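Computed over heavy atoms, backbone and side chain alike; hydrogens, waters and symmetry mates excluded. Because the structure is predicted, anything quoted here is derived from the model rather than measured.
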Amino acid sequence: MSVNQNTERNYCISILRVLGMLFIILCHIASWLDIAFLEQFFNYGVYIFLFISGFLYANKEINSPSKWFLARVKKLLIPFYLFVIPVSIVYFKINGFDGLEAIKYLFCLQGINFITSFIPFSEIKPLGNLWFVTIILICYLLTILVKKIEKKHKLNIAVIILILVASWFIPKIMMCFNIPYISLEYFVTYFLGYYISKFKVKNTLPIFIIYGLLLFLASIGIRLVGKYCFDNSINNFYLLIVSATHLGLAISTYFICNYLVNKFTIFIKIAKSNIWITFDKLSYPIYITHYAFLNSVTSVDNFGLSKPISFILFILMTITSALIIFYIDKAIQNKIIRT
């Protein structure tokens, strides 16, 4: 999702951003078509977004935390509200008004359901993918805190690794024993990207093989074995495996992409192409809008058309709504807020 723009483009990040968007859309399309194995495979697209978001902010100075955070809030929440408000109106008109859900989405708290086990799950169904916006806003707040700590204390990679591992592992163990917990896996993913960027991991062939290809294949293999052995018998343990392999896939995808982009100029040419730049710019609006057209009262299924025709309609509605949001947001940012 193109919510972080550098003055000098990072072609690897640009490719990963579009790939992450495509993986999420493919995951939801697979769910719509009831193709479970594809849905589960492509489900790590959000982890790619979180990883590259952390990666981009690792080496940036935050001189004014309040201004920095407010700038990120505007980039995230203006497109968010441009879509949430009309979809919510349609949803509440058909299903009846729900004050609690309205408050959650009004204050962008819908993602809290995804990180807590002790709050009853609920959502506005066409907007079920927007939990990510809450998570990334929390990541930005944590970034400010981490950078303040870094100014006072020297970085120790061993301590950082220990904190990240514990932050991921402890809630998962609590989950396995049905103890109420707050999941930190999304924040761990963000800060893995942050510190891989901070420590400037070398882009060499051995790194590509070990952290790219082997980690990618191992993640898929472990996921398949876990599904076969634990999916129907020990569900919480299988969810632990899912979380670990999502992290592994996101990290390995970065190392694979980073090596290929620097090794083969064809990937830079792709990232420089007009169509790729367009999709990069539209990645966040597309992420916001696409899910609604596959689910609930705003689904293309409500037209009663065949799946192929419905799929074409889904593409058209997603792109059209994303373009509308993109240009309205651009006008608001450039003409209203700045003046």
Side-chain angles (χ1 to χ4, degrees), residues 1-3 17-49 76 78-98 101-102 104-105 110-111 113-114 121-133 227 270 273-331:
M1 284 158 279
S2 188
V3 294
R17 190 155 43 218
V18 176
L19 284 179
M21 175 195 69
L22 291 174
F23 286 174
I24 291 172
I25 293 173
L26 288 171
C27 168
H28 293 149
I29 290 173
S31 175
W32 178 59
L33 296 173
D34 294 323
I35 307 175
F37 75 96
L38 284 179
E39 177 189 359
Q40 293 182 7
F41 175 76
F42 287 118
N43 200 26
Y44 78 98
V46 166
Y47 290 75
I48 293 177
F49 279 136
L76 282 170
I78 292 175
F80 173 85
Y81 288 124
L82 285 173
F83 192 68
V84 164
I85 292 172
V87 171
S88 297
I89 291 172
V90 173
Y91 182 80
F92 289 142
K93 183 176 178 58
I94 294 173
N95 293 284
F97 183 71
D98 186 325
E101 290 304 310
K104 279 167 53 180
Y105 282 85
Q110 65 282 350
N113 284 328
F114 282 78
F121 183 83
S122 64
E123 64 182 4
I124 297 175
K125 290 183 180 180
L127 304 174
N129 61 318
L130 298 185
W131 61 269
F132 170 86
V133 182
K227 182 171 180 60
I270 291 171
S273 66
N274 290 332
I275 189 168
W276 199 273
I277 292 171
T278 299
F279 275 111
D280 193 0
K281 290 179 179 179
L282 290 175
S283 57
Y284 183 51
I286 288 174
Y287 171 80
I288 288 175
T289 61
H290 80 279
Y291 186 82
F293 302 123
L294 296 174
N295 291 276
S296 190
V297 297
T298 49
S299 172
V300 291
D301 286 333
N302 295 321
F303 293 100
L305 304 172
S306 65
K307 283 293 185 183
I309 299 300
S310 294
F311 176 75
I312 294 172
L313 186 60
F314 158 73
I315 297 296
L316 291 174
M317 291 174 72
T318 298
I319 293 176
T320 301
S321 59
L323 284 169
I324 291 170
I325 287 174
F326 175 80
Y327 283 111
I328 294 176
D329 173 52
K330 187 176 181 180

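Contacts of Ser273 classified as side chain to side chain contact (heavy atoms under 4.5 Å, CB included), with partners at least two apart in sequence or in another chain: Ile275, Trp276. Contacts of Tyr47 classified as side chain to side chain donor-acceptor pair (under 3.5 Å), with partners at least two apart in sequence or in another chain: Glu185. Partners of Phe121 according to the ring pair (Phe, Tyr, Trp, His ring centres under 6.0 Å) rule, which considers only residues two or more places apart in sequence or in another chain, are Phe114. With sequence neighbours excluded, the residues that form a side chain to side chain contact (heavy atoms under 4.5 Å, CB included) with Leu316 are Ile312.
Here the CD1-OG1 distance, from Ile315 to Thr320, works out to 10.5 Å after rounding to the nearest 0.5 Å. Separating the CZ atom in Phe83 from the CD1 atom in Ile328 is a distance of 12.0 Å, to the nearest 0.5 Å. A distance of 11.0 Å separates CG in Leu323 from OG1 in Thr318, rounded to the nearest 0.5 Å.
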What pairs of donor and acceptor atoms, side-chain ones from residues 122-129 against any protein atom, are under 3.5 angstrom apart with sequence neighbours left out?
{"residue": "Ser122", "atom": "OG", "partner": "Glu101", "partner atom": "OE2", "Å": "2.4"}
{"residue": "Ser122", "atom": "OG", "partner": "Lys104", "partner atom": "NZ", "Å": "2.9"}
{"residue": "Asn129", "atom": "ND2", "partner": "Tyr287", "partner atom": "O", "Å": "2.7"}

Could you list the donor-acceptor pairs under 3.5 angstrom formed between side-chain atoms of residues 86-97 and any protein atom two or more places apart in sequence or on another chain?
{"residue": "Ser88", "atom": "OG", "partner": "Val84", "partner atom": "O", "Å": "2.7"}
{"residue": "Asn95", "atom": "ND2", "partner": "Tyr91", "partner atom": "O", "Å": "3.1"}

Counting only pairs under 3.5 Å, give me each side-chain donor-acceptor contact of residues 21-36, with atom names and distances, residues two or more places apart or in other chains.
{"residue": "His28", "atom": "ND1", "partner": "Ile24", "partner atom": "O", "Å": "3.4"}
{"residue": "His28", "atom": "ND1", "partner": "His290", "partner atom": "NE2", "Å": "2.7"}
{"residue": "Trp32", "atom": "NE1", "partner": "Asp301", "partner atom": "OD1", "Å": "3.2"}
{"residue": "Trp32", "atom": "NE1", "partner": "Asp301", "partner atom": "OD2", "Å": "2.8"}

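Looking at Phe279 and Ile286, their side chains come closer than 4.5 Å, going by heavy atoms from C-beta outward. Residues Tyr284 and Phe80 have side chains in contact (heavy-atom distance under 4.5 Å, counting atoms from C-beta outward). Contact annotation: the side chain of Phe314 approaches that of Leu294 to within less than 4.5 Å [non-hydrogen atoms, C-beta and beyond].
The only option from Ser299, Ser310, Ser321 that meets the side chain to side chain contact (heavy atoms under 4.5 Å, CB included) definition with Phe293 turns out to be Ser321.
Leu313 and Leu305 get closest at one heavy-atom pair: CD2-CD1, 4.3 Å. Of all heavy-atom pairs spanning Asp329 and Leu82, the tightest one is N-CD1, 3.9 Å.
Under a cut-off of 6.0 angstrom, the local environment of NZ in Lys330 is sparse, with at most 12 non-hydrogen atoms contributed by other residues, nucleotides or ligands.
A distance-only check finds a donor-acceptor pair linking the side chain of Ser283 to the backbone of Asp280 [under 3.5 Å].
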